[in-house]
Participant: 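Got a structure for you, written out below as structure tokens; questions coming shortly.
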Amino acid sequence: MAAVFKFLSPWRFYGLARASKASFIPCVQLHSTNAVMGATVEDFNRAKEQLSTLKEDPGNEVKLKIYALFKQATQGPCNTSKPGMLDFVNKAKWDAWKSLGSVSQEEARQKYVELITSLVATEAPAVATQPAGSAKVFQTLLVSTEDNITAIRLNRPEKKNAITVEMYNELIEALDLAGKDDSVITVMTGSGDYYCSGNDLNNFTNTPAGGVEALAKKSGELLRGYVKAYIDFPKPLIAVINGPAVGVSVTLLGLFDVVYATERATFHTPFSQLGQSPEGCSSYLFPKMMGAAKASEMLLFNKKLTAAQACELGLVTEVFPDNTFQTEVWTRLKAYAKLPRNSLALSKQVIRGVEKEKLHAVNDAEVERLVERWLSDECMQAIMSFFQSKSKL
Ligand SMILES: CCCCCCC/C=C/C(=O)SCCNC(=O)CCNC(=O)[C@H](O)C(C)(C)COP(=O)(O)OP(=O)(O)OC[C@H]1O[C@@H](n2cnc3c(N)ncnc32)[C@H](O)[C@@H]1OP(=O)(O)O
């Protein structure tokens with residue numbers, strides 16, 4: 001069968017010429033499964049355009065699927081006669097289309113959009129390279145300053161941007177540099193389909209010479225410094241939440257000044273499942289922001305919020321459709337970044353200044369509790385079970 005596919009031109013199935021490298025649009029994300037329920041013809045056409053921008057050949061199996069969904073969406077169920085046995089290529093295409101049976105055109109359209117969306121999202125990391133004009137190269141981040149905006153992009157898309165020890169340190173350094181540079185605002189976002197999956201659970205699997213106590217203590221100091229970098233950040237800090245967010249990447253959102261999210265984003269904090277406790281000043285800021293009961297649902301019981309729910313509770317400032325998210329948000333940010341630098345920084349400091357001392361005390365208390373938790377059996381068992389069973393928390 002493999003030989004058959006040698007004759008299949010990668011992009012001919014759906015009648016589209018393959019786009020040149022130059023026309024590739026980086027990091028564009030359309031809809032998730034939820035977002036495309038009831039995908040419109042516009043969504044479908046947009047997905048077709050997105051398809052032509054893919055750089056990587058997704059393989060024959062996927063291309064046949066794309067072909068079949070395209071035909072089903074545009075022409076309905078396959079009712080043409082079966083190609084002859086030796087007409088390998090057309091027979092493979094016919095089989096793929098026929099296999100969709102009586103799937104409705106609407107459903108096929110939806111599935112087509114979902115499939116293209118996932119292919120585009122998967123490719124995004126491959127094109128996220130350090131932009132020109134950047135001052136410093138990091139291993140786990142892409143940092144650039146343009147149009148008065150310093151953008152810090154978490155860049156481990158293959159691990160859903162889980163934060164390693166190296167990444168915590170780089171984030172502290174990147175925030176320090178951004179706080180001092182000429183930019184007017186600083187933006188934090190993620191590469192690929194996730195914003196961030198939280199703490200990299202491998203951070204707790206390599207025990208150093210001093211044993212687990214030393215590891216817990218060192219991790220506590222790192223976390224304290226990491227959260228401090230947000231508490232003390234001197235200019236407007238904006239989160240551009242490009243996909244799901246987990247754990248510490250969620251709890252820290254209370255320390256951002258504005259949080260924009262795609263409708264595809266979700267927010268959850270699986271601390272109890274991990275035998276851990278909240279951090280990032282969320283134990284103080286979440287109840288303040290959303291009320292004690294809603295905060296407890298999240299921080300104790302790991303309630304996963306949609307972007308719309310997070311917006312209702314005040315954790316997110318505004319939610320945008322996934323297909324226009326990047327364009328709308330960055331257009332807005334560029335306008336904000338034209339405002340007077342000092343006025344913005346001083347206004348932020350006035351707004352946040354009154355709480356600073358309190359926030360540092362909360363950070364200290366949360367870290368102290370977490371260091372104890374990391375040494376508990378509950379926590380160690382939970383982390384081991386993530387890696388053993390790849391259980392999704
Ligand atoms: C040293 C300082 C320490 C400070 C700690 C501060 C306290 C912080 C607390 C937290 O942040 S708690 C939250 C921790 N995060 C999690 O529990 C999430 C765990 N991950 C998942 O549940 C799932 O991976 C996911 C995020 C829901 C995504 O699931 P999906 O099925 O879409 O993808 P996967 O195949 O699972 O993931 C791809 C790849 O990425 C790896 N990975 C994802 N998240 C993490 C993570 N947090 N830590 C380490 N690795 C992660 C995953 O294992 C896969 O790897 P491969 O199998 O491809 O090698």
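In each ligand, atom 1 is the first atom listed, and ligand 1 is the first ligand listed. All of these numbers come straight from a predicted model, not from anything done at the bench.
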Participant: Taking heavy atoms and a distance under 4.0 Å, where does Ile163 meet ligand 1: side chain, backbone, both or neither?
Facilitator: neither
Participant: Does the side chain of Lys159 reach to within under 4.5 Å of the side chain of Tyr194, using non-hydrogen atoms?
Facilitator: no
Participant: Non-hydrogen atoms of Tyr226 versus ligand 1: any pair closer than 4.0 Å?
Facilitator: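 No.
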Participant: Any N or O of Gly198 that comes nearer than 3.5 Å to an N or O of ligand 1?
Facilitator: no
Participant: Can you check whether Tyr260 and Phe325 have ring centres sitting under 6.0 Å from each other?
Facilitator: no
Participant: Salt bridge between Glu372 and Arg369, side-chain N to carboxylate O under 4.0 Å?
Facilitator: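 Arg369 and Glu372: salt-bridged.
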Participant: Compare Glu158, Gln276, Glu221 and give the one whose heavy atom is closest to atom 38 (C) of ligand 1.
Facilitator: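 When every heavy atom of Glu158, Gln276, Glu221 is considered, Glu158 comes closest to atom 38 (C) of ligand 1.
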Participant: May I ask you to decide if Thr186's main-chain N or O and Thr150's side chain share a donor-acceptor pair within less than 3.5 Å?
Facilitator: no
Participant: Testing the 3.5 Å rule here: is there a donor-acceptor pair between the side chains of Asn199 and Tyr168?
Facilitator: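 Indeed, the side chains of Asn199 and Tyr168 share at least one donor-acceptor pair under 3.5 Å.
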Participant: At a 4.0 Å threshold, what atoms of ligand 1 neighbour a non-hydrogen atom of Phe271?
Facilitator: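 Answer, ordered by atom number: 9 (C), 10 (C), 12 (S).
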Participant: If you take the nearest heavy atom of each of Asn199, Thr164, Val165, Asn169, which one is closest to atom 47 (N) of ligand 1?
Facilitator: Asn199
Participant: Give the atom numbers and elements of ligand 1 that come within less than 4.0 Å of a heavy atom of Tyr194.
Facilitator: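 Contacts of ligand 1 toward Tyr194, numbered from 1: 25 (C), 26 (C), 27 (C), 28 (C).
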Participant: Any idea which atoms of ligand 1 are less than 4.0 Å away from a heavy-atom of Ala162?
Facilitator: 45 (C), 46 (C), 47 (N), 48 (N)
Participant: Atom 15 (N) of ligand 1: which of Ser197, Ala382, Gly247, Ala216 has the nearest heavy atom?
Facilitator: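 That would be Ser197.
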Participant: On a heavy-atom basis, I'd like to know which of Met167, Lys159, Lys160 is closest to atom 33 (O) of ligand 1.
Facilitator: Lys160
Participant: Numbering the atoms of ligand 1 from 1, which are under 4.0 Å from a heavy atom of Leu274?
Facilitator: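 In order of numbering, the contacting atoms are 12 (S), 13 (C), 14 (C), 17 (O).
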Participant: For the residue pair Thr140 / Glu166, report whether a side-chain donor-acceptor contact shorter than 3.5 Å exists.
Facilitator: no
Participant: Between Asn155 and Ser191, is any side-chain donor less than 3.5 angstrom from a side-chain acceptor?
Facilitator: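 Side-chain D/A pair, Asn155 to Ser191: present.
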Participant: Geometry only, no angles: is Leu201 polar-contacting ligand 1 at N/O separations under 3.5 Å?
Facilitator: yes
Participant: I'd like to know if Arg224 and Glu221 make a salt bridge, using a cut-off of under 4.0 Å between side-chain N and carboxylate O.
Facilitator: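 Here Arg224 pairs with Glu221 in a salt bridge, since their nearest N and O are under 4.0 Å apart.
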